[in-house]
Protein chains: 2
Amino acid sequence: MIGIKRLAKHLNMSISTVSRALNDRPDSSEATRKRVREAATKLGYVPNQSGRNLRSGTTGTIGFMMKTGPEIIGQGHTHFFMNVLDGVQEVLLRHKLDLVALLCASTEDADDYLRRVVSRSVVDGLIISNTRRVDPRISFLADRKVPFVGFGRSTTDVGQPWIDIDFETIAAESINRLVAHGHKRIAISLPHDDINLGHVFHENARNALGSHGLTLDPQYIYRSLPSETGGYEIAQKIVVTKIRPTAIALSNESSVIGLYRGLMEHGILPGRDIAVIGLNSPNSRYLSPTLTGFHLSLHDLGVALGEALLASMPQYADAYPLGIVRKVWPVTLVPGESDALNFIKPKSLIA
Amino acid sequence: MIGIKRLAKHLNMSISTVSRALNDRPDSSEATRKRVREAATKLGYVPNQSGRNLRSGTTGTIGFMMKTGPEIIGQGHTHFFMNVLDGVQEVLLRHKLDLVALLCASTEDADDYLRRVVSRSVVDGLIISNTRRVDPRISFLADRKVPFVGFGRSTTDVGQPWIDIDFETIAAESINRLVAHGHKRIAISLPHDDINLGHVFHENARNALGSHGLTLDPQYIYRSLPSETGGYEIAQKIVVTKIRPTAIALSNESSVIGLYRGLMEHGILPGRDIAVIGLNSPNSRYLSPTLTGFHLSLHDLGVALGEALLASMPQYADAYPLGIVRKVWPVTLVPGESDALNFIKPKSLIA
DNA sequence: TCTAGTATTGGAAACGTTTCCGGAAAACCG
DNA sequence: CGGTTTTCCGGAAACGTTTCCAATACTAGA
C-alpha cells in the first residue's frame with residue numbers, strides 16, 4: 001500500500017502539491033496534474049479513505065437503511081428497491097459517492113440502529129424508506145443535522161426533502177375507473193397502520209368514492225403485508241366475506257401475485273368474477289388475465305431521490321440548485337384485462 | 001460532537017488513559033474504567049470511526065456485495081439473502097462489527113466495483129455470493145489479502161473458506177425420490193452456466209440418474225433465472241416440449257412459484273400431471289398442492305458464514321478457532337403433495 | 001527596469017484515535 | 001526496611017490526508 005507521501009517523494013514534489021493535483025484544485029498547474037495522475041496510476045496509488053475522512057469529516061458514502069430478517073416489509077419489494085437504488089447509485093457515482101445498504105438486524109431496534117450509524121458517522125447522507133406516519137427517525141436526523149431524504153412522506157415534518165409515489169392518483173383513479181365500470185362494492189388493500197402511504201391511499205380512495213356518492217365499507221379494507229403472501233391472505237379474507245366486494249384496488253406491487261393465486265384456487269377469476277387494479281412490476285407481467293395496473297419509472301425515481309439528497313448537502317448544492325425537493329412521483333395507468341369492462345356478470349360466487 | 005480530548009480534559013486524565021479505559025485494555029484499572037464509561041455516556045461521547053480507522057487500519061465493517069438493477073439474480077432471492085444476512089449480522093454484532101450491503105450499480109462491472117471497494121478499504125472483510133465457476137473475485141481478494149468467505153464454492157481455489165448449500169444432496173435425493181415414484185423422464189432446472197452451483201446440481205443429478213440406469217436427456221435441462229419469472233418460463237418450455245417430462249427437480253427456491261402458475265394456466269397440476277420437487281421458502285408455504293421441498297435454516301447458515309469469516313480474520317481468530325471453514329450446509333426434505341406417490345395416471349397432456 | 005500582481009509551490013498544522021515508552025506509585029517478598 | 005516486581009498513568013508519536021499560510025517564480029504593465 002502506497003501513500004501520498006511516497007508518491008510525493010517519487011515525484012520529487014511536496015505532498016501538498018500532489019494532493020492539490022489529485023483533487024484538481026484550481027491552484028495547481030495542468031502540467032503537474034498530468035504528471036501526478038500518471039505516476040499515481042503507475043504506482044497504483046489510491047487515496048486512503050480513512051485519512052481523508054478524518055481530515056475532511058466526510059466519508060463519501062450514502063446509506064440506505066433497511067432491515068434484515070424474516071419479517072421484512074415484503075419480499076417482492078426487493079425488485080422495487082433494487083431498481084430505485086440503481087438509479088440512486090447512478091447519480092451518486094457521478095460525484096464519486098458510494099451507496100451502501102445499512103442492514104439493521106431483526107434483533108435490533110431500527111431507531112437505535114440509526115442512532116448508532118449516525119454517531120459512528122459512517123455516511124454523509126441517508127435515504128430512509130417506509131416512512132411512518134409519525135417517524136422519530138426524521139426528527140432525529142434533522143436534530144443531528146444529517147442530510148437525508150425521505151422515500152415517502154410523513155406527518156413528522158422538519159422541512160426535509162422527500163419523494164413519494166403518487167398514491168393520491170393511484171387511489172383516486174383506481175376508484176374512479178372501477179366506479180365507471182359499474183362497481184359499487186369496492187375494496188382496497190392497505191399496509192400496516194403505521195406506514196404513511198396507507199393513510200394517503202385510504203383517504204383518497206374514500207374521497208373518490210364519496211364523490212360518486214359511495215362510501216368505503218370498513219369490511220372492504222384489507223390490511224396485509226405488501227408481499228405475495230399478503231396478497232394470498234387477502235384472497236382468503238375476500239372468500240369468507242359475507243357480501244363479497246366486486247372489485248379491489250391494491251396499494252402495492254407485490255400482493256397481486258398472491259391475490260391472483262388465492263382467488264383462482266377458489267375459482268374466482270380476476271377480470272371476470274372480480275375486478276383488480278394494482279401496480280405493475282416485472283412479476284405482474286406474466287399474469288393472466290393481464291393486470292390493469294399503474295406503471296412508474298423506478299430507476300428515474302431513484303435518480304430523483306439521489307438528486308434530492310445531493311441538493312440538500314451543502315457540498316453539492318450548487319450542482320443541484322433544486323432547493324428542498326418535495327415531489328410526488330407520477331404514475332400512468334396501463335389498462336389490462338383484470339378490470340375488464342364486460343364485467344358485471346356476477347357468478348354465483350359473488351354471494 | 002465531543003472527542004476523546006475533551007472527554008479527557010473533563011475527567012482530568014490523559015487521553016491515553018481514557019482510550020485504554022474505553023477499550024478495556026488490561027493496563028487500566030477497573031475504577032478508572034468505570035469513571036470513564038460514565039462520563040462518556042453522560043457527555044454522549046462516541047469514538048470517531050475515521051480516527052480509529054486511520055490509526056488501526058481497520059474499519060469495523062464487513063461487506064456483503066450485491067448488484068442492483070433490473071436483471072438481478074432473482075427477486076425472490078431476497079428473502080433468502082435477508083435471512084442469511086440476518087444471521088451474519090447477529091454474529092458480527094457480538095464483536096461490534098457492522099454489516100453493510102455493497103451495492104454495485106448495474107452500469108458498473110462487478111469486478112471493477114470490488115476493486116474499488118477494496119482499494120478504498122471501506123471494509124475489513126467480505127462475503128461474496130453467487131460464486132461463479134471461475135471467479136476472478138476470489139483470486140483478487142486473496143491477492144490483496146482481504147479476508148473473505150464465499151457463500152458458495154468455486155473451482156477458483158486459493159484455500160478460501162466457504163459455506164455452500166448441499167446441492168449434492170438436493171440433486172441426488174430429488175432424483176432418487178422421483179425415480180422411486182416411477183418417473184423416468186425427469187427434468188432439472190439450472191441457473192446460468194457461470195454459476196458454480198449449477199454444475200454441482202447437474203453432475204449429481206446425472207450421477208443419480210445413472211445409478212438407476214437412466215440418463216439425463218439434454219432437452220430436459222431447463223436453464224432459467226432463479227426467479228418467479230424464470231419458473232414461469234420453464235413452464236412455457238415444458239409445454240412445448242414434444243415428449244414432456246413427468247417430473248422436474250428445481251435448483252432454487254423462487255422459481256417454483258412461477259412454475260406452478262405457468263403449468264396451471266395450461267391445466268397441468270403439479271402432483272397430478274407432473275411431479276415437482278423444489279426448495280422451501282415462505283412464498284412456497286401457501287402453494288397448493290403443497291410443495292415437496294428441501295428445507296434449510298438460512299439464519300443459521302448466516303451465523304456460520306459470519307463465524308467462518310471471523311475465523312479467517314487474525315484479530316478474531318482466537319475467538320473462533322475453526323481454521324479454514326469449508327462446509328456443505330445440510331438440508332432436509334419436507335414431503336408434500338407436489339410429487340405425490342399416487343402419481344402415474346398420465347393424462348392426455350403428457351403426450 | 002522596476003513594481004504589482006498572478007500562478008504555483010513547500011512547510012506545517014490539524015483531524016481523532018491508538019500505542020509505544022518511560023516513569024511513578026503501589027504492592028509484594030524476603 | 002530495601003529491593004524487585006506489578007500496576008497504572010502521562011507524554012508523544014504515528015496513521016494519511018487536506019488546507020492554511022507564507023514564499024517563490026513568473027508575467028504583465030508602466
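First the proteins, then the strands, lettered A, B, ... as listed; each starts at 1.
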Test: R35(A) and E30(A) ion pair at under 4.0 Å:
no
Between R153(A) and D135(A), does any NZ, NE, NH1 or NH2 come within less than 4.0 Å of an OD or OE carboxylate oxygen?
no
Among [options], find the nucleotide with the atom closest to the side chain of [X].
X	options	result
D27(A)	dG16(D), dG10(C), dT9(C)	dT9(C)
R52(A)	dT19(D), dT17(D), dC15(C)	dT17(D)
Y45(A)	dT17(D), dG10(D), dT17(C)	dT17(D)
M13(A)	dG10(C), dG10(D), dT8(C)	dG10(C)
N23(B)	dT18(C), dG10(C), dC15(C)	dT18(C)

Toward the 5' end of DNA chain D, by each residue's nearest nucleotide, G51(B) or P26(B):
P26(B)
By salt bridge (charged side-chain N to carboxylate O under 4.0 Å, His left out) - contacts of R116(B) (at least two apart):
D98(A), E108(B)
With a cut-off of less than 4.0 Å, is there a side-chain N or O of [X] near OP1 or OP2 of [N]?
X	N	result
N48(B)	dC15(C)	no
T17(B)	dC9(D)	no
S56(A)	dT17(D)	no
S19(B)	dT18(C)	yes
R20(A)	dT18(D)	no
R55(A)	dG16(D)	no

Taking everything shown except H10(A) itself, do over 12 heavy atoms lie less than 6.0 Å from its NE2?
no
For the aromatic rings, using the six-membered ring if either is Trp, is the centroid distance between F64(A) and F81(A) under 6.0 Å?
yes
How would you label the contact of T32(B) with the nucleic acid (heavy atoms, under 4.0 Å): base, sugar-phosphate, or nothing?
sugar-phosphate
Send over the distance from I15(A) CD1 to dG10(C) P, rounded to a whole Å.
11 Å
Measure the distance from CD on E30(A) to P on dT8(C) and round it to the nearest whole Å.
10 Å
